[in-house]
Amino acid sequence: MIAGPCSAESPEQLEGLFRALAPLGVHLFRAGIWKPRTRPGSFEGMGEIALGWLQELKKEFSMPVAVEVGEPKHVDLALKYGVDVIWIGARTTVNPFLVQQLADALRGTPVPVMVKNPVNPDLNLWLGAIERFEQAAISDLAAIHRGFSLYHNPTQYRNTPHWSVPVELKRIRPDLPLFHDPSHIAGKRDKIAELAQKAMDMGFDGLMIETHDDPDNALSDGPCMLPVNQLADLIRRAQDVRSALT
Ligand code: PEP
Ligand code: MN
């Protein structure tokens, strides 16, 4: 279970969330430091200063942290501040030049990398990004399914899940842990639990869910972040079919 805010906003916000998530059994704390916004003018993240906050809090609460990197400079800073896991965002996975630069920046480091699907439903682009990290000797890799954007979206979600794409990825690469991110698919808070349960029923290996102490006043992705009490409910109610069957 990976959880945390869309964006790191302040040391107080992060501390409150670490305090709330630690007893829920969350394994990895996520927070966006540099936000890839579709259009300029939105909140673009706190940047380096927030890496310092995360470094302090991860020690205090003994919870590892994950951030998104979008350019080699982000990789250097994330490594400098002891980030435990790095993820590649959907808008980065689409760009093989950038993915190669990130893979080169990470070459020779033991840090695990999670690769989100590209915004368009192109399995080869997703696989290609994963392979670029493998070729840079990054052996601890995972994939994250966060849905696909469509111009005429017939679904009730912000991004269509296109479940067949992650299923095919799992068929081709059963060795690769596959996570589900219902927050960026749902776009709305009330759809998150059903997506998370479906992913678990389908045998996904884990979940990445956005949460916030005050989602309605968040600086990014407020509508799709769960308040902490709703995340706690989701974790309590979630049924792991595999453990129920064994
Ligand atoms: C995020 O995880 O906050 C994010 C920007 O996600 P995505 O790359 O899936 O849009
Ligand atoms: Mn987000």
Side-chain angles (χ1 to χ4, degrees), residues 1-33 35 42-43 45-46 50 53-68 83-85 87 89 114 116 142 144-147 155-159 161 178-244:
M1 171 61 76
I2 306 167
C6 182
S7 302
E9 298 175 7
S10 69
E12 296 75 26
Q13 171 229 23
L14 291 180
E15 182 174 353
L17 287 169
F18 268 92
R19 200 173 292 288
L21 298 184
L24 298 182
V26 169
H27 303 103
L28 181 62
F29 188 96
R30 63 145 284 154
I33 301 296
K35 300 305 298 179
S42 317
F43 175 63
M46 296 301 293
W53 306 336
L54 286 174
Q55 192 171 33
E56 285 298 309
L57 289 162
K58 72 171 210 161
K59 272 190 257 151
E60 186 179 338
F61 291 93
S62 305
M63 198 190 295
V65 297
V67 306
E68 172 176 352
V83 163
D84 301 282
V85 175
W87 89 81
M114 309 185 80
K116 286 199 173 194
I144 305 177
H145 170 228
R146 55 76 79 198
T155 72
Q156 55 189 324
Y157 306 118
R158 181 170 83 180
N159 288 299
L178 177 60
F179 287 71
H180 177 71
D181 167 350
S183 306
H184 293 94
I185 293 179
K188 281 198 284 290
R189 222 165 278 160
D190 61 350
K191 301 279 174 228
I192 291 174
E194 69 194 37
L195 284 164
Q197 186 59 53
K198 182 172 168 104
M200 290 203 312
D201 294 348
M202 291 174 74
F204 278 65
D205 300 289
L207 297 168
M208 176 189 263
I209 302 184
E210 288 189 343
T211 182
H212 197 277
D213 53 323
D214 183 11
D216 292 333
N217 290 305
L219 298 180
S220 62
D221 273 352
C224 68
M225 274 193 287
L226 289 179
V228 175
N229 64 329
Q230 287 186 30
L231 178 71
D233 260 13
L234 184 154
I235 292 174
R236 208 170 22 250
R237 289 189 196 165
Q239 299 289 324
D240 186 339
V241 170
R242 280 168 303 175
S243 59

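These figures come from a predicted structure and were not determined experimentally.
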Study note, to complete from the structure: With sequence neighbours left out, the residues meeting ring pair (Phe, Tyr, Trp, His ring centres under 6.0 Å) with Phe18 are Phe29, Phe61
Review point. CG/Leu226 to CG/Leu234 distance, rounded to the nearest 0.5 angstrom?
Key: 6.5 Å
**Study point:** Between CZ on residue Phe179 and CD1 on residue Ile209, distance to nearest 0.5 Å
**Key:** 12.0 Å
Review point. Backbone N or O of Ala193 within a donor-acceptor pair of the Gln230 side chain at under 3.5 Å?
Key: no
Exercise for review: With rounding to the nearest 0.5 Å, note down the distance linking CG in Asn229 to OG1 in Thr211.
Suggested key: 8.5 Å
Practice item. Provide the closest heavy-atom pair for Leu195 versus Pro161 in the form atom of the first, atom of the second, distance. Key: CD2-CG, 4.4 Å
Exercise for review: Report the C-alpha distance between Lys116 and His184 in whole Å, list the side-chain angles of each, state the deciding distance to 0.1 Å, and finish with yes or no for side-chain contact (heavy atoms from CB on, under 4.5 Å).
Suggested key: CA-CA 11 Å; Lys116 286 199 173 194; His184 293 94; 3.6 Å; yes
Practice item. Could you tell me which residues satisfy side-chain contact (heavy atoms from CB on, under 4.5 Å) with Ala199, sequence neighbours excluded, listed by chain and number? Key: Trp163, His180, Phe204, Leu207
Check your understanding: Can you name the closest pair of heavy atoms from Phe43 and Ser7 and give their distance?
Key -> CE2-CB, 3.6 Å
Check your understanding: Which heavy atom in Ala50 sits nearest to a heavy atom in Ala8, and how many Å separate them?
Key -> CB-CB, 3.9 Å
Review point. Do you know which two heavy atoms are closest between Leu17 and Asp213, and how far apart they sit?
Key: CD2-N, 3.7 Å
Check your understanding: Is any side-chain heavy atom of Asp221 closer than 4.5 Å to a side-chain heavy atom of Ser183?
Key -> no
Review point. Can a salt bridge be assigned to the pair Arg19 and Glu15 using a cut-off of 4.0 Å between side-chain N and carboxylate O?
Key: yes
Check your understanding: Would you call Arg30-Glu210 a salt bridge at under 4.0 Å N-O?
Key -> yes
Review point. Between Lys191 (side chain) and Arg158 (backbone), is there a donor-acceptor pair under 3.5 Å?
Key: no
Review point. With side chains defined as the heavy atoms from C-beta onward, is the minimum distance between Leu54 and Val83 less than 4.5 Å?
Key: no
Review point. So do Leu231 and Leu21 actually touch side chain to side chain, heavy atoms under 4.5 Å?
Key: yes
Practice item. May I have all residue pairs that pass salt bridge (Lys or Arg N to Asp or Glu O under 4.0 Å) and include part of residues 1-13, sequence neighbours excluded? Key: none
Study note, to complete from the structure: Correct closest heavy-atom pair for Val228 and Ala20 would be CG1-CB, 3.6 Å
Check your understanding: Does the pair Arg236/Asp233 count as a salt bridge with the N-to-O cut at 4.0 Å?
Key -> yes
**Study point:** Any Ile2 side-chain heavy atom under 4.5 Å of Met114 side chain
**Key:** yes
Check your understanding: When rounded to the nearest 0.5 angstrom, what is the spacing between CD in Gln197 and CZ in Arg237?
Key -> 11.0 Å
Exercise for review: Using the test salt bridge (Lys or Arg N to Asp or Glu O under 4.0 Å), find all partners of Asp216 that sit at least two apart in sequence or belong to another chain.
Suggested key: Arg189
Review point. With a 4.5 Å limit on heavy-atom distance, are the side chains of Lys35 and Ser42 in contact?
Key: no
Point to revise | Distance (rounded to the nearest 0.5 Å) between Ser220 OG and Met225 CE | key: 5.5 Å
Practice item. Would you name the heavy atoms of Pro5 and Leu14 that are closest together and state the gap between them? Key: CG-CD2, 4.1 Å
Revision key, fill the gap. So NE2 of His145 and CE of Met202: to nearest 0.5 Å the spacing works out to 8.0 Å
Check your understanding: Quick one: side-chain hydrogen bond (donor to acceptor under 3.5 Å, both in side chains) partners of Thr155, sequence neighbours excluded?
Key -> Asn153
Point to revise | Residues that His212 engages under ring pair (Phe, Tyr, Trp, His ring centres under 6.0 Å), provided they are two or more places apart | key: none
